[in-house]
Every structure is written in structure tokens, then in C-alpha cells.
There are 2 protein chains.
Amino acid sequence: MSHSEPGGVRQARKQRTRQALLDAALGLLEEQSLSSLGLREVTRVVGVAPTAFYRHFRDLGELGVALVQESLSSLHTTVRAVLAEQAGAEERIDHTVAVVERYVREQPAHVRFIARERHGGVRAVRQAIAGELDRFAAEVAAALKSQPVSGGWSDEDVRMLAELYVDRLVMTASAFLDVRDGGDQDTERWRAVACTARRQLRLIDVGRQYWRDAGS
Amino acid sequence: MSHSEPGGVRQARKQRTRQALLDAALGLLEEQSLSSLGLREVTRVVGVAPTAFYRHFRDLGELGVALVQESLSSLHTTVRAVLAEQAGAEERIDHTVAVVERYVREQPAHVRFIARERHGGVRAVRQAIAGELDRFAAEVAAALKSQPVSGGWSDEDVRMLAELYVDRLVMTASAFLDVRDGGDQDTERWRAVACTARRQLRLIDVGRQYWRDAGS
DNA sequence: TCATCCAGTAAACAACCGTTCTCCGAGTTT
DNA sequence: AAACTCGGAGAACGGTTGTTTACTGGATGA
């Protein structure tokens, strides 16, 4: 395992420390918010000189934007699968909640980052998250529209429903996270959150089935 | 207008600068988050020595908790009125959204603070907000339960619905805020957000009307 | 009137911050 | 093999931070 690539050793090392910076930042952000995160703090964890930071990001805001993409891309692809599947409402709801559960368990730091910085103090990061969730909502809207239940729905209403769903996904994930580092016994409170989340989605789904257009 | 109170001049002055600290902090928090706010930064705006801060708060976390109470008490009483009123679903929804609109217009800093620090980096403040919203949800649940539509609803389901409502209120307020400092023309996007918010509440209400209990 | 209290002051502390500049040395290209 | 890139190191900069210690002076209560 020595020389094989024609000339990517240099770039590979660069992207490795870049990833190390992202990972270190994500770790530190579990107990503070981005606008209070220090440049030196990050480089110290990685074990590089503070000046090395500038070889990868102009400032912490730029790193934050990179973290947004990293955090949402994984969930994005996972949920896409759930949306595509042809199944009953009940089943789809169960799968959705299960996917969120798994995501929170496997990538808690990513979830926390998104929930925290969605309304956080760094404008560029807020906008990046908003844009990403917007694309997300658009996909959900497209999936919803293709379902037979949406007959006679205006595009605006479908979009409205999609945003409702996306917001709930984020809130549910955040709720799972809260009980997770709440400390207590996982199983009890955790299952309660899952149950509540399912019921809320079910209620929205009922509203969807009996929805009738009205003015304004 | 000189001597009238028996002995509250000293305490009155103290609470005045205390309020000044709260106001200054709230202003500074429009463009950053609490965990990055500096103690000296606050006292500088007020015009007092940094050490004077300790006469009022142990640290910025304690100030944050005080801000939570201040921020939510006003909205709390306002929404209480809407909950109490006996009116049709359509009317109540319109009133609710109108109240949120007014709140965002009159107290944008408070709304931003709550939305930002709800998932922010300071544990004590997060818990304070969670606790306050919990009491809030309990009140909403009580109001919902007393309505005839809730016949046969379990307490758990009523609570589930109440949390759904509260979350939506916060998200709606935050959405208004985003379009507010998005800059563009207020009227157009603003009315769109209001319209979407009404429709989402309406859809939830439809779901509520046709809700039927089911296991798990 | 006089002793007491206490909100606010002033100075100094060590620690940390973001950023600039210069330099090095291993990987890359010719 | 020589010339060149460029990620990273190192040192230094001016500035800010939270906190401590000792002190002041006007309201307070006897």
C-alpha cells in the first residue's frame, strides 16, 4: 500500500485534515453554539497550528456551512427512500419515525447542530439550513403530490403540508435528542416520544384525508 | 415629585439598571447567541462598570433565564385570552395567527431570543424555555379538553395535540421573523406566511375533528 | 446625626482570542 | 534531478475576556 494513485496523495492529506476540522468542530458544538466556537479551539483538538485553519476555511461561518451539507445529506438520502416506497399511511408513518430514531441514535451531533443553528446566530449558516430544508420540502411536496390522496389539491396546499411535515421531522428529532441526553432511562421516555410523534403524524394525515379547499 | 415612598428609592434604582442590563443583552442577542455574548459587552452598552454585573446576576446564564421569563410572560397572557374565548374554529384560528403577528411586530427581539435559545448552547436557558413551554402546553391542553370536540379523547391525546399547537405557534412566529429581517417587501411574503400558518392550523383542526382513537 | 449598608467604581490579573507575516519541507511537476 | 507548490509550523501583534480585590459615596435606618 504505497504508490498507486497518480498524484492525489497531497490532496488526500488535505481533505483528511479538513474532515478532522469538521469532526472536531461538530464535537465541540455539542455543548456550545457556533457563534461562540473559537478557531483555536478547533485546531487545538485536531492537533494542528491555528494558522492551518485558513488553508481550508475563510472563517468559522464557512466551516458551519460545510457542516450543514454534511449533516443534512445523510438524512436527505435516507428519507428519500421512505418517500419513494409505496405503502399504507400507517406503515409510512411508522417507517418515518423509525428512520428519525435511527438517525438521532447514529448521528446525534448532526441532529443537534441542525436544530441549534437553524435559528442560531450566524446568518450564513441559517440561510444554508433554510435552503437545504427548502429543497427537502420541495421533494416531500413532489412525493405527496404523486399520491392519490392529493387529488384536487393546489400546489400551494401541497407545499403547505410538506412544510408541516418537515418541521415536524426536525422537531421530533430534537425531542428524541432531548430525552437522549436528559440522562434518565432511555427506553421509557424514548418510547413515549416515539409514540407521540407517530400520533401527531397520524393526526396530520387524518386532516389531510378530510381536507377540503377553502378561500384565503 | 421628590420624597414620597418610605424607602424604595435604592431598590428602585437597582431594578432599573437590572432592567437596563436585560434590555441591552436582548438587543445584542439579535445578532449573536447567548453563549457568545460577553459580560463586558453588555455592561458597556448600559454604561456601567463590568463588575456591576455581579450585583444582579451570577453569570450570563442567569441573565438568560431571567430573559426567558420576561419574553414568555407577555405572550403567555395574550394567548390565554384567545384560548378563553368561545368562538368557532375558523375565528379562533384567525385570532391566533393575528396575535402571533402582533407579537412578532411588537416584540421581535423576544421572539428571536426564544426561537434561538430554545435549542441553544446554554443548558439552563434551554431548560427554562422547555419548562415554560411545558406549562404553556398544559394550559392549551386544558382549554382544548373543555371543548365539545374533544369528547372521548384521552388525556394523552389532548396533550399530544396541545404540543403540536404550541410547536406550530413558535415555528410560525419564527417564520414571521425570518421574512421580517429578510428585508424585501413586508406585505407580500408576510401575508403569504400568515396564509400558510392559517391553513396549517386549519388542517390540524380538520384532523382533530375526524380523529378516532387507535392503539399504540 | 451618625453608623451601616450596598450598588457601582477602578485597577490589575492571567488567559485567551483572531489574524498577519515569515519560513519550512515534503509532494508534485517538468 | 531541479524547480515549484502549498499545507502546515512558529512567533508575534493588539485587543478582549471573566474575575478578584479594595474602595467610594449616597441612600438607609437607629
Side-chain angles (χ1 to χ4, degrees), chain A residues 1-25 27-29 31-67 121-125, chain B residues 1-25 27-29 31-67 121-125:
Chain A
M1 57 171 79
S2 50
H3 63 89
S4 57
E5 310 270 341
V9 181
R10 196 97 210 108
Q11 283 193 354
R13 263 210 194 281
K14 174 168 184 179
Q15 277 191 343
R16 175 193 291 185
T17 69
R18 185 191 137 103
Q19 189 59 45
L21 287 169
L22 288 170
D23 292 347
L28 290 166
L29 284 174
E31 285 171 352
Q32 58 186 312
S33 51
L34 183 60
S35 67
S36 74
L37 185 64
L39 180 153
R40 302 179 98 109
E41 210 174 339
V42 178
T43 59
R44 194 182 306 130
V45 172
V46 176
V48 299
T51 52
F53 182 89
Y54 295 104
R55 302 291 182 189
H56 304 274
F57 308 100
R58 194 182 309 276
D59 51 28
L60 280 163
E62 206 170 286
L63 179 142
V65 172
L67 272 180
V122 182
R123 179 178 301 267
V125 173
Chain B
M1 52 175 82
S2 51
H3 64 89
S4 56
E5 311 270 339
V9 181
R10 197 96 205 109
Q11 282 193 355
R13 265 211 194 281
K14 175 167 182 179
Q15 278 191 343
R16 176 193 292 185
T17 70
R18 185 191 138 102
Q19 189 59 43
L21 287 169
L22 289 170
D23 293 346
L28 290 166
L29 284 173
E31 286 170 353
Q32 59 186 313
S33 51
L34 183 60
S35 67
S36 75
L37 185 63
L39 178 155
R40 302 179 95 108
E41 212 174 337
V42 179
T43 58
R44 194 182 307 130
V45 171
V46 176
V48 300
T51 49
F53 181 90
Y54 295 104
R55 302 292 181 188
H56 305 274
F57 308 101
R58 194 181 310 274
D59 51 28
L60 280 163
E62 205 170 287
L63 180 142
V65 173
L67 273 180
V122 183
R123 179 178 301 267
V125 172

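First the proteins, then the strands, lettered A, B, ... as listed; each starts at 1.
Taking only distance into account, the side chain of Arg10(A) never meets the base of dG7(D) through a donor-acceptor pair shorter than 3.5 Å.
dT19(D) atom P lies 15 Å from atom CZ of Phe57(B), rounded to whole Å. What separates CD of Gln32(A) from C1' of dC17(C) is a distance of 13 Å, to the nearest Å. The nearest whole Å value for the distance from the CG atom in Leu28(A) to the P atom in dC17(C) is 11 Å. Rounding to whole angstrom units, CD of residue Gln15(A) and P of dC6(D) are separated by 15 Å. Rounded to an integer number of Å, the gap from OH of Tyr54(B) to P of dT21(D) is 12 Å. Rounded to whole Å, atom C1' of dT29(C) lies 14 Å from atom CD of Gln11(A). Regarding Arg58(B), its CZ atom lies at a distance of 16 Å from the C1' atom of dT20(D), rounded to whole Å. Between Leu60(A) atom CG and dC17(C) atom C1' there is a gap of 12 Å when expressed in whole angstrom units.
For Thr17(B) and dA7(C), the shortest distance from a side-chain N or O to OP1 or OP2 is not below 4.0 Å. Listed pair Arg44(A) / dG18(C) fails the phosphate criterion, with no side-chain N or O lying under 4.0 Å from OP1 or OP2.
Looking at every heavy atom in both residues, Pro50(B) comes nearest to Thr43(B) through CA-OG1, 3.6 Å. Here the shortest heavy-atom pairing between Gly61(B) and Val122(B) reads CA-CG1, 4.3 Å. The shortest non-hydrogen separation linking Gln32(B) to Leu37(B) is NE2-CD1, 3.7 Å. Here the closest heavy-atom approach between residue His56(A) and residue Leu21(A) is recorded as CD2-CD1, 3.7 Å.
Comparing dT19(C), dT20(D), dG8(C) against the side chain of Arg55(B) picks out dG8(C) as the nearest. Listed candidates were dG7(D), dG8(C), dA12(D). Nearest to the side chain of Lys14(A) is dG7(D). Relative to the side chain of Val9(A), the nucleotides dT20(C), dA27(D), dG27(C) differ in distance, and dG27(C) lies closest. Here dT19(D) is the nucleotide among dT19(D), dG8(D), dT20(C) with the atom lying nearest to any side-chain atom of Leu39(B). Side-chain proximity of Thr51(A) to dG18(D), dA11(D), dT21(D): nearest is dA11(D). The listed nucleotides are dT20(C), dC17(C), dG18(D); the one nearest the side chain of Glu41(A) is dC17(C). Closest to the Arg40(A) side chain, of the nucleotides dT20(C), dT28(C), dA12(D), is dA12(D).
Here Arg55(A) contributes atom CZ and Thr17(A) contributes atom OG1; the two are 11.0 Å apart, rounded to the nearest 0.5 Å. Atom CG of Asp59(A) sits about 8.5 Å away from atom OH of Tyr54(A), to the nearest 0.5 Å. Note that the CD atom of Glu31(B) and the CZ atom of Arg123(A) stand 7.5 Å from one another [nearest 0.5 Å].
The 5' end of DNA chain C is approached more closely, in terms of each residue's nearest nucleotide, by Arg13(B) than by the other of Asp59(A) and Arg13(B). Of the two residues contacting DNA chain D, namely Val48(A) and Pro50(B), the nearest-nucleotide position lying further toward the 5' end is that of Val48(A).
At a cut-off of 3.5 Å, with distance as the only test, a side-chain donor of Ser36(B) or Ser35(A) sits close to an acceptor on the other residue.
Among the duplex regions that DNA chain D forms, those built from at least three successive Watson-Crick or G-U pairs under 3.5 Å are C:4-12 with D:19-27, C:14-30 with D:1-17, ordered by first number.
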